[in-house]
Q: 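Have a look at this one before I ask anything.
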Amino acid sequence: MPDLRGLARVALAALLPLVLPASASAGFEDLAGTKPGELGQGSLFEGADGCALCHGGGHGGDRTYLPHDGWAGTMMGNAARDPVFRAALSIANQDEPGVGTFCLRCHSPIAFVRGHATPPDGSAFDAVDMQGVGCDTCHRAVPSGPPEAPYHRGDAQIVYDNDLDKRGPYADSVAQVHGTAEDGALSSSAFCGQCHQVTNPGRRLRDVDGVETDLAFPLDTTYEEWAQSAHAQPGGQSCVDCHTRRKSGPFPVATVPVAPLRTDPRDHVFAGGNLFGIRAVMAKDPARAAAFPDAFALALARTEETLAAAAKIDITSAPATAAPGEPFVVTVRVENLCGHKFPTGYAEGRRAWIALALVDSTGDETSLLGGYDAANGEIEASPPTRVYRAQHGRWNGSAAEPAEDLARHDMILSDTRIPPKGFVPTITTRPTGEIDYGDGAGGVRSWDEATFTVAAPAGMTGERKLSARVLYQPITRKYVEHLAEANITDSNGQELLAIYESVGASPPFVVSKAEVVIDFGGGSGSGGGGGGGGGGGRDPGAGEGCSCRLPGQTSASTTLPALGFLVLLFAISARSRPTRGRSAETIQPTQAGRPGPV
């Protein structure tokens, strides 16, 4: 077999300097929004950390709601620093030379408009670009006008003009250092839809037979999922209703003495589900983590709280008694409480699943299904459980095959994520059929009910709590190792792998749990406690847990020892892992009986 990596290096060198080839550029030039070089003085964007002088530093000792205090620790504020993004960017540029300019457009829209997204590896970024999605990214944006009013949908097609005023929800804003303008649409979900709907304009979505449709491949459909749900209807919930909070009462949003009081102002924490991403940024940039420790701690805490409200599990059927060693049947229901699919967002590596365990009075657990093997990062394959995730891939000329290289994806091989309430699927968002979400009336359910046949060990006696849990991971070992092993151009993949190990390898987080007691006879009760119920994302010792600190940290510090990280990076870069076996959630390349294009 030829040396594929060697051939890849030669091919990549021949393609430098990086430009978008025809296969990748088709459609990119048609994107709307402000392009590099189109602005005059309007290209003078400001760094977000300068805004902290008036919009950060806490108010009355409260560092949770002023705009910069919340924003600094978020994935929005660190979108350009995110080591997962950087590692994936390297692979994308290998697979489709030059496509990184498009990727950078989403992770730092200001950098794109300023012309700094070329070269496509982000090497031209300055400190303003590195703020990712910063203050000016949103507060300088203007409505784009018909027919896409108020904003262009998806792919960071943001419009800016030469007016340097900062736009916001208040008509009476006055600032000494910048102009102000009222813009009520800034807090609308349509504004969020500019970036939280992502396609690859250079790839057409293929149907199950490998035939291209006229649709750009959908990488992230979070906004569309919301827009096609009951949450988008009158009386529903907008993006900011769930992902930001109001500070109840009259409070200023600036620290200057003359700042007016605003009624119930919103924070800028923008909490999502990426616990690993926040910790990875802290490990990648310990100086920034040290500069804004309260902001990062707040981001972690709010992320855990957001995840705990994302889904609910209930045990709908379980026996009161069972014989050890003999099979018994358990039925659970997992309901999606989000305004979009559960889970949503970045498809590569993001997953949730059901785990069942028996717990004794001391807390010792016996896994029944859905156990997690921390050593290899896999969900135990037997007995099988329910896994909620999307698997993308590509047509290899004769069949579909799963893959992890997002710039080359052109097929949705599987999508078992739980739909939101009142969901009306589109071609790019409908479930693929492995789990039946039909409601029997032509609609789609926002919950999954699964029945499992399990058995306790032969020697078990007494009472045990049957614990049913929804576990979640924002990234998997398999994906991290892929980014490290596939990288032939720089060290970003190996650095990510080192970070992954250093922050605890993204253990599963308990989104929700429910418990009932089963008596296995033969002795006095040892399970303790009583019946069912769900809720609670903070289960001690069960994954990301309740701590907002990294392993080994004290409450006074949220940084990692830089020297230890460098030693770990050196050690990991010197080894490689064997290819992993199939896991419980491995998807077959093709799905029988799937309707139409996906």
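Values below: every heavy atom of this structure, side chains too, minus hydrogens, waters and symmetry copies.
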Q: Check step by step if salt bridge (Lys or Arg N to Asp or Glu O under 4.0 Å) holds for Arg114 and Asp126.
A: CA-CA 11 Å; Arg114 299 173 77 209; Asp126 60 16; 2.9 Å; yes
Q: So that I can tick it off, tell me whether Arg204 and Asp214 are bridged by a salt bridge, with the cut-off set at under 4.0 angstrom between side-chain N and carboxylate O.
A: no
Q: For a side-chain contact (heavy atoms from CB on, under 4.5 Å) check, start with the C-alpha distance between Glu304 and Leu275, then their side-chain angles and the critical distance, and finish with the verdict.
A: CA-CA 7 Å; Glu304 289 189 347; Leu275 281 172; 3.8 Å; yes
Q: Does Arg140 have any salt bridge (charged side-chain N to carboxylate O under 4.0 Å, His left out) partners at least two apart in sequence or in another chain, and if so, which?
A: none
Q: Write down the atom of His178, the atom of Lys166, and the distance for their closest heavy-atom approach.
A: ND1-CG, 3.1 Å
Q: Measure the acute angle between the ring planes of Tyr479 and Tyr346, then classify it against the limits of 30° and 60° as parallel, tilted or perpendicular.
A: perpendicular
Q: If I take atom CG from residue Asp285 and atom CG from residue Asp82, how far apart are they, to the nearest 0.5 angstrom?
A: 12.0 Å
Q: CD of Gln131 to OG of Ser108: how many Å apart, nearest 0.5 Å?
A: 6.5 Å
Q: Go through the side-chain N and O atoms of Asn396 and Glu401 and say whether any donor and acceptor fall under 3.5 Å apart.
A: yes
Q: Would you say the side-chain atoms of Gln194 pair up with the backbone N or O of Phe191, donor to acceptor, closer than 3.5 Å?
A: yes
Q: Under the rule for side chain to side chain contact (heavy atoms under 4.5 Å, CB included), what residues qualify as partners of Cys106, not counting sequence neighbours?
A: Ala156
Q: With Asp183, which residues qualify under salt bridge (charged side-chain N to carboxylate O under 4.0 Å, His left out), at least two apart?
A: Arg167
Q: List in chain and number order the residues that pass side chain to side chain contact (heavy atoms under 4.5 Å, CB included) with Thr426, two or more places apart in sequence or in another chain; answer none if no residue qualifies.
A: Glu224, Gln228, Thr428, Thr429
Q: Can you name the residues that form a side-chain hydrogen bond (donor to acceptor under 3.5 Å, both in side chains) with Asp490, not counting sequence neighbours?
A: Ser90, Asn487, Asn492
Q: Any donor and acceptor pair, going by atom type alone, linking the side chain of Thr180 with main-chain N or O of Ser173 inside 3.5 Å?
A: yes
Q: Do Glu38 and Thr34 pass the side chain to side chain donor-acceptor pair (under 3.5 Å) test, and can you show the C-alpha distance, the side-chain angles, and the key distance before you say yes or no?
A: CA-CA 7 Å; Glu38 290 186 350; Thr34 302; 4.7 Å; no
Q: Which one of Arg245, Arg302, Arg63 satisfies the salt bridge (charged side-chain N to carboxylate O under 4.0 Å, His left out) criterion with Asp267?
A: Arg302
Q: Please identify each residue that fulfils side chain to side chain contact (heavy atoms under 4.5 Å, CB included) with Ser144, with sequence neighbours left out.
A: Glu148, Tyr151, His152, Val159
Q: Check whether any side-chain N or O of Thr118 sits under 3.5 Å from a backbone N or O of Pro120 as a donor-acceptor pair, and report yes or no.
A: no
Q: Quick one: closest heavy-atom pair of Ala190 and Tyr223, and the distance?
A: CA-OH, 3.8 Å
Q: Of all the heavy-atom pairs spanning Thr255 and Gly56, show the shortest one and how long it is.
A: CG2-O, 3.5 Å
Q: Only counting residues at least two apart or in another chain, list the ones meeting side chain to side chain contact (heavy atoms under 4.5 Å, CB included) with His409.
A: Phe217, Glu348, His392, Ala403, Leu406
Q: Which residues satisfy the salt bridge (charged side-chain N to carboxylate O under 4.0 Å, His left out) test with Glu212, sequence neighbours excluded?
A: Arg206
Q: Say you draw a straight line from NE2 of His196 to CG of Asp220; how long is it, rounded to the nearest 0.5 Å?
A: 8.0 Å
Q: When you measure from the side chain of Gln473 to the backbone N and O of Arg351, does any donor-acceptor pair fall under 3.5 Å?
A: no
Q: Given side-chain contact (heavy atoms from CB on, under 4.5 Å), test Val480 with Leu496 step by step and report yes or no.
A: CA-CA 7 Å; Val480 171; Leu496 172 63; 4.1 Å; yes
Q: Mark yes or no for whether Gln391, through its side chain, and Leu413, through its backbone, hold a donor-acceptor pair below 3.5 Å.
A: no
Q: Can you tell whether the side chains of Glu29 and Lys35 come within less than 4.0 Å, N to carboxylate O?
A: no
Q: Please check: side-chain N/O of Thr416 versus main-chain N/O of Val387, any donor-acceptor pairing under 3.5 Å?
A: yes
Q: How close do Pro218 and Thr221 get, counting heavy atoms only, and between which atoms?
A: CB-CG2, 3.7 Å
Q: Apply the test ring pair (Phe, Tyr, Trp, His ring centres under 6.0 Å) to residues Tyr160 and Phe45: give CA-CA distance (whole Å), side-chain angles for both, the deciding distance (0.1 Å), then the verdict.
A: CA-CA 10 Å; Tyr160 300 98; Phe45 293 95; 5.1 Å; yes
Q: Considering only residues two or more places apart or on different chains, which pairs with a residue in residues 97-135 satisfy ring pair (Phe, Tyr, Trp, His ring centres under 6.0 Å)?
A: Phe28-Phe102, Phe85-His107
Q: Taking atom types as modelled, is there a side-chain donor on Asn78 or Arg81 under 3.5 Å from an acceptor on the other?
A: yes
Q: What distance separates Leu219 CG from Asn200 CG, expressed to the nearest 0.5 Å?
A: 5.5 Å
Q: Quick one, Asn274 with Thr303, criterion side-chain contact (heavy atoms from CB on, under 4.5 Å). Give me CA distance, side-chain angles, the key distance, then yes/no.
A: CA-CA 7 Å; Asn274 197 352; Thr303 300; 5.8 Å; no
Q: At what distance, to the nearest 0.5 angstrom, does CH2 of Trp226 lie from OG of Ser238?
A: 7.0 Å
Q: Does the Asp155 side chain pair with the main chain of Gln157, one donor and one acceptor, at a distance under 3.5 Å?
A: no
Q: Looking at CG of Leu298 and CG of Asp294, how far apart are the two atoms once the value is rounded to the nearest 0.5 Å?
A: 8.5 Å
Q: May I ask you to decide if Phe342's main-chain N or O and Tyr472's side chain share a donor-acceptor pair within less than 3.5 Å?
A: no
Q: Only distances under 3.5 Å count here; give the side-chain donor-acceptor pairs of residues 66-73 to other protein atoms, sequence neighbours excluded, each with its distance to 0.1 Å.
A:
residue	atom	partner	partner atom	Å
His68	NE2	Asp49	OD1	3.0
Asp69	OD1	Gly57	N	2.8
Asp69	OD2	Gly57	N	3.4
Asp69	OD2	Gly58	N	2.7
Trp71	NE1	Val133	O	2.8

Q: So, for Ala407 and Val99, which heavy atoms are closest and what is the spacing to 0.1 Å?
A: CB-CG1, 4.3 Å
Q: List the residues meeting side-chain hydrogen bond (donor to acceptor under 3.5 Å, both in side chains) with Asp161, not counting sequence neighbours, and say none if there are none.
A: none
Q: Quick check: does any side chain N or O of Glu225 sit under 3.5 Å from a backbone N or O of Lys341, one acting as donor and the other as acceptor?
A: yes
Q: Looking at every non-hydrogen atom in both residues, tell me the closest pair between Gly132 and Thr137 and how far apart they are.
A: O-OG1, 3.6 Å
Q: Using modelled atom types only, decide if a donor and an acceptor are shared between the side chain of Ser189 and the backbone of Cys239 within a distance under 3.5 Å.
A: yes
Q: Residues in salt bridge (charged side-chain N to carboxylate O under 4.0 Å, His left out) with Asp241, at least two apart?
A: Arg266
Q: Where do Lys284 and Val281 land on the side-chain contact (heavy atoms from CB on, under 4.5 Å) test, with the steps shown first?
A: CA-CA 5 Å; Lys284 173 73 174 178; Val281 168; 5.5 Å; no
